[in-house]
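Everything on this sheet refers to the single structure shown next.
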Amino acid sequence: MSKSLVIARWEFFERIKRKSFIFSMILMPLLVISFSLLPSFLLNKGNDYPLPIGIVDLTNKYHKQFIDELNQSTLPDGQPAFLSFNLGREEMTKSSLMEFGDKQVLSDFLIGYVIIEESRAINLTLRTNDIFNLEKLNIIEDSFNRAALKVNGEKVNLSKDEADFLSQKITMMKNSYIDAESEEDILKSFINSYLFIILLVTMILFSGGMFVRSLVVEKSNRIIELILSSCTSKELLFGKILGLSFFGLFQLIIWMIIGILLHKTNTLNLLSIQNLEYQLLFFVLGYVFYSAIFIGLGSIVNADHEAQQLTGFLSIFLIFPIILAVEIIRAPNSILAIFLSYFPLTSVPIMLLRLNSTKPGALEILSVISVLLFSLYLVILISSKLFRYGILKTGKRPNYKEIISWLKLK
Amino acid sequence: MLELKNITKYFNSNLVLDNISFTVPKGEIFGLIGPNGAGKTTTLRIILGILTLSDGKIFFNNNLLNQNYSNITGYLPEERGLYPKSNVINTLAYLGQLKGLKYSEVIEKINYWLNRLDMLEYSKYHIEELSKGNQQKVQFISAILHDPKILILDEPFSGFDPVNQSIFREIIEEYKQDKFIILSTHLMDLAESLCDEIFLIDRGKEIFSGKMKNIINSEERTSYEVSFLENLNEEQFDSIKMFNPVRKSKNSVYLKNSIKNPTEIIKELSRNFEITEFKKNVPSLNQIFLSLVDKSS
């Protein structure tokens, strides 16, 4: 067996046998996925029973139509989403109506009540003690918009059909401000991208960090000398990259199995992940790219705290796109998104975000991949030099001059 | 025959090995001796291919020695360390496979050595769970496991207790029969008792080399101590100047080893003095080492 394969096998099995692997690679992604899916779960599954809601129509114009519209919203099992009650009495003042409404809410008869007021514009206020999920709030808002359009449409002699038609248009306009089809789609895109990036970051930081720490151990206890007396530094480097790649692949397979299981139980819809094939490609490229960086920089550190500093430094580039995630999903073709797609250190997470909300042209994807592959080539070249000279260096961390002199050596 | 010819090594612009050459004979223990920072470990790392040469060549049985020969070298580094979280058998199997052994072969050899060193019961232990002495044993096994033709031992007994020292001395003596062994140390007693030939290095330069017996017993380094019944006065001391006296102390004189043989000296001295003791002083390697290093600096 080639010595690189012996090294790769050792690196692989030594890592997967650790208890920390079982925790970080299986339990942690499960936790990440659970937390990522929780909002979506609450959005879809929360309050699966009709909610009693009151209406205080101070205009005395909209309540009938509003109740009609609300009654048309149903839960997945066919029950109405809301049980609506008109609380308005002509003889009562706003304050007494609110006092009455508050009592109903506090005695749990109602989940909340909507106050409709109109001066120059229509104001809608929901008084409640509960936290409504986004979907339910949207239903209330949309139902009222449709009701208002119909009531006011009659005033300007719009037929019911015309009012219905306009309300449809308005709904579409409201939700078409980004490429995605609806708010829910934006959320799905965000969750899917977020999931991919979190998994990538977890995988890179965990396995990269583990790799750097193992290098530190090998350097500090000088076992590296023993290894290098048995193989060349190239064989060692290749074996380590291979071992790390097998390790990454193994994690990916585990996560894919978890993904498929979640898909089968309808917790995660894999088919809703757009451009899955490109996402997987960028995922693998990102892993190899960052692993190569870890190998190069890892070979110049000598202590655990230096390894932690290094991991922290690299994680900035991986976490930065998460901060920008909402903006990138909302405007996936903005100059910032395109620029960061071509910047090697942010390329992969940004592309994972963009691919979930838009499909960049084939030429663009190809150019980004080309830039990434070229950067990968450069990183491997630099890393192999740093590895060759840094691996036997112990004690003081090399300064920039030394590192540059290593890079110049043939 | 392992032959180093005109080895030179620079680290950046620092010259650390200056044109050194030596030959390691088969079946003998070759001592590479020198103070700390002399260039011993650098020389060993060059032989092992861990470091590249700036200039010079290394031959093994008349072939150029390079990394292709890594399977025939065994190395016990000065600074010991193994994978603390891995178990004994896996660690040794990994290191053995890196030396070209097949898995089944390596397991057989591991069991032999663990058994020989009374460590069989520890085979599944993590390295960090072993005592320091047992960790040293595992390290030693890793160097010798694949039956290397060239065995390089850098400060092999550091950290060993006297019992283990004697066990490993025995193994090394037994192992040297048809092998090339280089032992690097700054412990002169160890070198003197174990090495057949030595190469003394200081600041990257050769100071001295040769067979241990010849070095120790060389005539120019031996001296004679003659004790008389009575103390010698200055006049008497002057009368024996023909025997190259170095110094005197009360009733004794120390004579440099001269052309004359001891019997002749005794014969001539006994004509005028009553001799009570005649002793040949052979310097220890440590004394020779100190005097040579002192001279070179």
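Heavy atoms only: backbone and side chains are in, while hydrogens, waters and symmetry mates are out. Numbered from 1 within each chain, the chains take letters A, B, ... in sequence-line order.
With a 6.0 Å radius and a threshold of 12 heavy atoms from other residues, nucleotides or ligands, A:F320 has its CZ atom at or below the threshold. For B:Y122, the OH atom is loosely surrounded, since the number of other residues' heavy atoms within 6.0 Å does not exceed 12. Taking a 6.0 Å sphere around CZ of B:F59, one finds it holds more than 12 heavy atoms contributed by other residues, nucleotides or ligands. Other residues, nucleotides and ligands contribute more than 12 heavy atoms inside 6.0 Å of the CG atom of B:N14. Heavy-atom neighbours of B:E105 CD from other residues, nucleotides or ligands within 6.0 Å: above the threshold of 12. Annotation: A:F12, atom CZ; neighbour count of heavy atoms from other residues, nucleotides and ligands within 6.0 Å is above 12. Within 6.0 Å of the CD atom in B:Q177, the count of heavy atoms belonging to other residues, nucleotides or ligands exceeds 12.
Annotation: side chain to side chain donor-acceptor pair (under 3.5 Å) contacts of B:K176 (sequence neighbours excluded): B:E173, B:D196.
Most heavy-atom pairs under 4.5 Å with chain A: of the set B:I50, B:I47, B:L51, B:L95, this distinction falls to B:I50. Put simply, of B:L76, B:T73, B:N90, the one with the most heavy-atom pairs under 4.5 Å next to chain A is B:N90.
Minimum interatomic distance between B:K99 and A:S229 (heavy atoms only, all atoms of both residues): NZ-O, 2.9 Å. Taking all atoms of both residues into account, the shortest heavy-atom contact from A:I223 to B:L82 is CD1-CA, 3.6 Å.
Inspection of non-hydrogen atoms places A:S230, A:C231, A:T232 of residues 230-241 of chain A under 4.5 Å from chain B.
Counting heavy atoms from C-beta outward, A:I227 and B:Y94 have side chains that approach closer than 4.5 Å. Counting only heavy atoms from C-beta outward, the side chains of A:K3 and B:Q97 never approach each other to under 4.5 Å.
For A:I224, no part lies near chain B; criterion is any non-hydrogen pair under 4.5 Å. With a threshold of 4.5 angstrom between heavy atoms, A:E14 approaches chain B through side-chain atoms but not through N, CA, C or O. Only the side chain of B:Q139 comes within contact range of chain A, with heavy atoms under 4.5 Å apart.
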Steps toward side chain to side chain donor-acceptor pair (under 3.5 Å) verdict (B:S86, A:K17): CA-CA 10 Å; B:S86 304; A:K17 275 192 290 191; over 6 Å; no
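Ring pair A:W10/B:Y83 is tilted by interplanar angle, where 30° to 60° counts as tilted.
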